[in-house]
Amino acid sequence: MPEGPELHLASLYVNKVCDGVVFTGPVRKSEVSKNPDVPFTCEAYFITATSRGKEVKLTLMPIKSDDDPDQRAKAGQVAQPMDVVFRFGMSGYFRFTREDELPKHAHLRFYTNEKPCRVLSFVDTRRFGSWQPNGTWQADRGPCVMFEYKEFRENIVTHLSDHAFDRPICEVLLNQKYFNGIGNYLRAEILFRLNIPPFVPARDVLDGLQTEDLCGDNKVKEITRKPKNKQETGDLLQLCHAVPLEVVNLGGKGYDPEKADYSGFEAWLQCYNVDGMKSTRDHNGRTMWFAGDPGPMAPKNSKSPKAIKRVKKEDHDYTDRKKLGRRGPESTTKKKAMKEEGGTKTTKKENKVCPKESKRKKNREVNAPQRETRSSTRRRKSSSADITAGSQRRNVRMAK
DNA sequence: CGTCCACGTCTAC
DNA sequence: TAGACCTGGACGG
């Protein structure tokens, strides 16, 4: 669930399913969760949600009842509203179900006063997510790229001397102090659309930016003009706003391969995890998907013994370039890569950036070998109209 | 069976 | 700049 669009969609979901629903009693936490207890209990309360970048805030609002003059007397005092701020980690989301169909990994739960009751659950398989009772938006996170656009722009143009911008643009895009809401698939999609190599210095791309959105009223004019550097930067911050909003407007659940409506999102992706696109690890071990030139700051050193072995092997595989694909790149946490130690590791070769097949083609079906020039297997799931559109768009890019 | 990979932070050497 | 924190799906043997 977890980049800006998914967090916002989660807040919309909560507001929709909890509209008019009365919750009651204590908030309950799973045994296994290491997150804090939420010391809130109330006879009757509403739940509403808002989002900002990669956080969601739930507001637990006691219902004051004129019909219940005992309310104050009983509790000694009326419960106060409480905000709980969530981060979703890699796998967090909200679900509203009957109590007897609680999802696995429902780590924080809010119960309705119905009979049988229903439950709003914060579900988080991997438990990288977190919540904070009486929470506030995390102090070090910047303005929301989607819903605080003006402040977002300003925060960047007024801090360009920050050393954070010494890094490659693709890595800076994950810095939540400046790009609150951008994650791994969004950075790939945004840079791909502007044809910006991922490993160019961020400041080179952002330098000369205006606080005002250059592409506002004059949008058409600006875009049809010769794309200069400054133009692209204007576009970059604008796309950091517009691309996530596209996902929100897809109306599905965003990035969530487990869900039925994932195909719409998958068809929307132009670069991330798309067959034929290149990918490599950035300096933090995160996979960067891109097309064309990686840029001057691309990591040169392979840290993957397996990748080296593969490369050697492939040196003799001259028959089919298409097959190059899938090295076994490092896992983000390279746990036991030491196992293989041998001598392979010392002879580090360049970690070649090469096109590869998407791993996410779970079609075990052994069809006739598809020689389709990419554009291809993954995309085939979308409607033919989308395929055409996608291809055309790419052709335009290539023609440039 | 085992290995690799995943939409993200965190903190410790 | 590494690990640590976790579960589970895809894929290979």
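No hydrogens, no waters, no symmetry mates; every other heavy atom, side chains included, goes into these values. Letters A, B, ... are given to chains in the order of the sequence lines, protein chains preceding strands, and every chain is numbered from 1.
Residue A:R126 has no polar side-chain atom (N or O) positioned under 4.0 Å from OP1 or OP2 of C:dC5. One finds no side-chain N or O of A:Q176 lying less than 4.0 angstrom from the OP1 or OP2 phosphate oxygen of B:dG8. Contact annotation: A:T287 side-chain N/O to B:dC5 OP1/OP2 distance is not under 4.0 Å.
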> How does DNA chain B look in dot-bracket notation if pairs are Watson-Crick or G-U with both distances under 3.5 Å, crossing ones as [ ], other-strand ones as |?
Replying inline: ||||||.|||||.
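Take A:R28 and apply the salt bridge (charged side-chain N to carboxylate O under 4.0 Å, His left out) test, not counting sequence neighbours, and it matches no residue. Every residue two or more places apart in sequence or in another chain was checked for a ring pair (Phe, Tyr, Trp, His ring centres under 6.0 Å) with A:F199, and none qualifies. Listed by chain and number, the residues in a side chain to side chain donor-acceptor pair (under 3.5 Å) with A:Q132 amount to none (sequence neighbours excluded). Among residues two or more places apart in sequence or in another chain, the ring pair (Phe, Tyr, Trp, His ring centres under 6.0 Å) test is passed with A:F23 by A:Y45. Among residues two or more places apart in sequence or in another chain, the salt bridge (charged side-chain N to carboxylate O under 4.0 Å, His left out) test is passed with A:E246 by A:R193. Take A:E189 and apply the salt bridge (charged side-chain N to carboxylate O under 4.0 Å, His left out) test, not counting sequence neighbours, and it matches no residue. Legend: residues meeting ring pair (Phe, Tyr, Trp, His ring centres under 6.0 Å) with A:Y13, ordered by chain and number and at least two apart, are absent. For A:D19, there are no salt bridge (charged side-chain N to carboxylate O under 4.0 Å, His left out) partners at least two apart in sequence or on another chain.
For A:Y262 and B:dA6, the OH to P distance is 12 Å, given to the nearest whole Å. Atom-to-atom, CG of A:D140 to P of B:dT9 comes out at 12 Å; the value is rounded to the nearest Å. To the nearest angstrom, C1' of B:dA6 lies 14 Å from CG of A:L174. Atoms CZ (A:F86) and P (B:dG8) sit 18 Å apart, rounded to a whole Å. Atom P of nucleotide C:dG9 and atom CE of A:M90 are separated by 15 Å, given to the nearest angstrom. In this structure, A:R127 atom CZ and B:dT9 atom C1' are separated by 16 Å, rounded to whole Å. A:N175 has its CG atom 13 Å from the P atom of B:dG8, to the nearest Å. One can place CG of A:N284 at 15 Å from C1' of C:dA4, the figure rounded to the nearest angstrom.
A distance of about 12 Å separates the P atoms of B:dC13 and C:dC5, rounded to the whole Å. Atom P of B:dT9 sits at a distance of 22 Å from the matching atom of C:dG8, rounded to the whole Å.
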Any protein N or O atoms within reach of nucleotides 10-13 of chain B? Criterion: under 3.5 Å, listing atom names and distances.
unit_1, atom_1, unit_2, atom_2, d
B:dC10, OP1, A:R87, NH1, 2.3
B:dC10, OP2, A:Q138, OE1, 3.3

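With C:dT1, B:dA6, B:dT9 as the choices, the nucleotide that has an atom nearest any side-chain atom of A:R167 turns out to be C:dT1.
In this pair, A:F165 and A:Y178 present their aromatic rings tilted. The plane angle is within the 30 to 60° band. Under the 30°/60° scheme for interplanar angles, the aromatic rings of A:H241 and A:Y149 are found to lie parallel.
Shown for residues 97-107 of chain A: residues whose heavy atoms fall under 4.0 angstrom of DNA chain C, namely A:K104, A:H105.
Applying the 4.5 Å side-chain rule to ILVMFWY residues, one finds A:W137 in the same cluster as A:V85.
Note on A:D282 versus A:R187: salt bridge recorded, some NZ/NE/NH1/NH2 to OD/OE distance being below 4.0 Å.
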